[in-house]
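Comments concern the structure below.
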Amino acid sequence: MKLLVATHNRGKLREFQEIFHDLPFELLTLDDVGIREDVAETGATLEENARLKANAYVRASGLLTLADDSGLEVDALNGEPGVYSKRYAGEGKSDAERNAHLLEKLRNVPQAKRTARFRCVIAIADAHGNVQTTEGTCNGKIAFESRGTNGFGYDPIFIVDGSTRHLAEFSSAEKNKISHRGRAAVKAREILREQFIAQKN
Ligand code: IMP
């Protein structure tokens with residue numbers, strides 16, 4: 001059985017492969033199935049964007065499709081950058097520039113008020129047009145400086161709740177266990193297992 005993972009990112013594909021390793025799916029990326037066009041992420045929420053992508057790509061491919069959308073919500077900024085995490089501080093900026101921009105915005109915010117969370121929504125769309133979503137969060141605080149070289153995005157400035165380490169100091173296996181995407185994917189695995197695996201006998 002084939003499962004299209006709506007991404008061009010092979011790192012993300014590997015994360016899902018690890019979490020779904022015991023399911024009988026062959027995971028394919030958009031590149032693997034020859035889809036080049038990106039769906040515009042015009043939704044106002046992570047859930048809307050995940051649904052938009054899953055719907056568009058199931059139609060384009062005819063394959064069971066999983067799409068995800070994630071973002072960082074900072075309480076002192078009323079949930080920003082949220083759904084705009086990828087484009088925060090302007091198009092074409094680097095992760096380091098986005099992190100510097102966020103640290104500058106929070107310059108006068110004390111430690112106790114720097115609470116934040118990564119949130120991920122996964123949408124699974126089948127060829128009949130049914131869509132189901134799961135959600136995962138990873139709670140923490142925004143640090144005062146960057147630390148660590150693993151991961152990507154806002155990982156260097158995110159201190160994980162219950163730890164003194166920044167997320168960029170976690171190995172990828174450690175991150176998968178506690179991350180928003182890992183948690184949403186574990187819930188998605190249950191949907192795949194219960195509803196989309198052909199029952200023998
Ligand atoms: P995406 O929807 O997974 O592509 O995530 C959108 C944006 O949210 C990324 O470009 C990052 O800026 C941020 N983001 C999502 N997940 C993570 C993460 O695990 N670590 C750090 N930043 C993340």
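Both counts, for ligands and for their atoms, begin at 1 and track the order of listing. Count residues from 1 along the sequence.
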As an exercise, identify every atom of ligand 1 less than 4.0 angstrom from a heavy atom of [X].
X: R181; answer: 3 (O), 16 (N), 18 (C), 19 (O)
X: G153; answer: 21 (C), 22 (N)
X: K12; answer: 1 (P), 3 (O), 4 (O)
X: K175; answer: 18 (C), 19 (O), 20 (N)

Between [options], flag the one that comes closest to [atom] by a heavy atom.
atom: atom 8 (O) of ligand 1; options: P81, A67, S85; answer: S85
atom: atom 12 (O) of ligand 1; options: F118, Y84, Y154; answer: Y154
atom: atom 21 (C) of ligand 1; options: V83, L167, D155; answer: D155

Starting from [atom], find the nearest protein heavy-atom neighbour and note its residue, name and distance.
atom: atom 16 (N) of ligand 1; result: H180 NE2, 3.1 Å
atom: atom 14 (N) of ligand 1; result: F152 CE1, 4.0 Å
atom: atom 6 (C) of ligand 1; result: S70 O, 3.3 Å
atom: atom 10 (O) of ligand 1; result: K86 CG, 3.3 Å

Examine F20 together with F25 and report whether their ring centres are nearer than 6.0 Å.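 Judged by ring-centre distance (under 6.0 Å), F20 and F25 do not meet the cut-off.
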Do the two ring centres, one from Y88 and one from H101, sit under 6.0 Å apart?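 Yes: the rings meet the under 6.0 Å criterion.
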Would you say K53 has any N or O atom under 3.5 Å from an N or O of ligand 1, going by distance alone?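 No: no nitrogen or oxygen of K53 is under 3.5 Å from one in ligand 1.
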Side chain or backbone, does D95 bring an N or O within less than 3.5 Å of an N or O on ligand 1?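 The answer is no, given that D95 and ligand 1 share no N or O pair closer than 3.5 Å.
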Matching residue for I142 among V109, L72, L77 - test: side-chain contact (heavy atoms from CB on, under 4.5 Å):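 Single pass found, and it is L72.
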Sidechain N-carboxylate O distance under 4.0 Å for D155, K175: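 Result for this pair is yes, salt bridge flagged.
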Is a salt bridge present between D32 and R10, judged by a nitrogen-to-oxygen distance below 4.0 Å?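 Result for this pair is yes, salt bridge flagged.
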Passing candidate, salt bridge (Lys or Arg N to Asp or Glu O under 4.0 Å) with D75, options R117, R114, K141: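 The residue from R117, R114, K141 that satisfies salt bridge (Lys or Arg N to Asp or Glu O under 4.0 Å) with D75 turns out to be R117.
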Would you say the side-chain atoms of N176 and E18 include a donor-acceptor pair closer than 3.5 Å?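 There is such a pair between these side chains.
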Any chance the side chains of N99 and S146 put a donor and an acceptor closer than 3.5 Å?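 Per modelled atom types, N99 and S146 side chains form no pair under 3.5 Å.
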Co-membership, hydrophobic cluster, residues V131 and V58, 4.5 Å side-chain: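 No.
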With hydrophobic residues grouped by side-chain heavy-atom distances under 4.5 Å, do M1 and L28 end up in a single group?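 Not linked; separate clusters.
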Any heavy atom of E41 closer to ligand 1 than 4.0 angstrom?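 No heavy atom of E41 comes that close to ligand 1.
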Mind checking whether D69 has a heavy atom under 4.0 Å from ligand 1?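 It does; at least one heavy atom falls under 4.0 Å.
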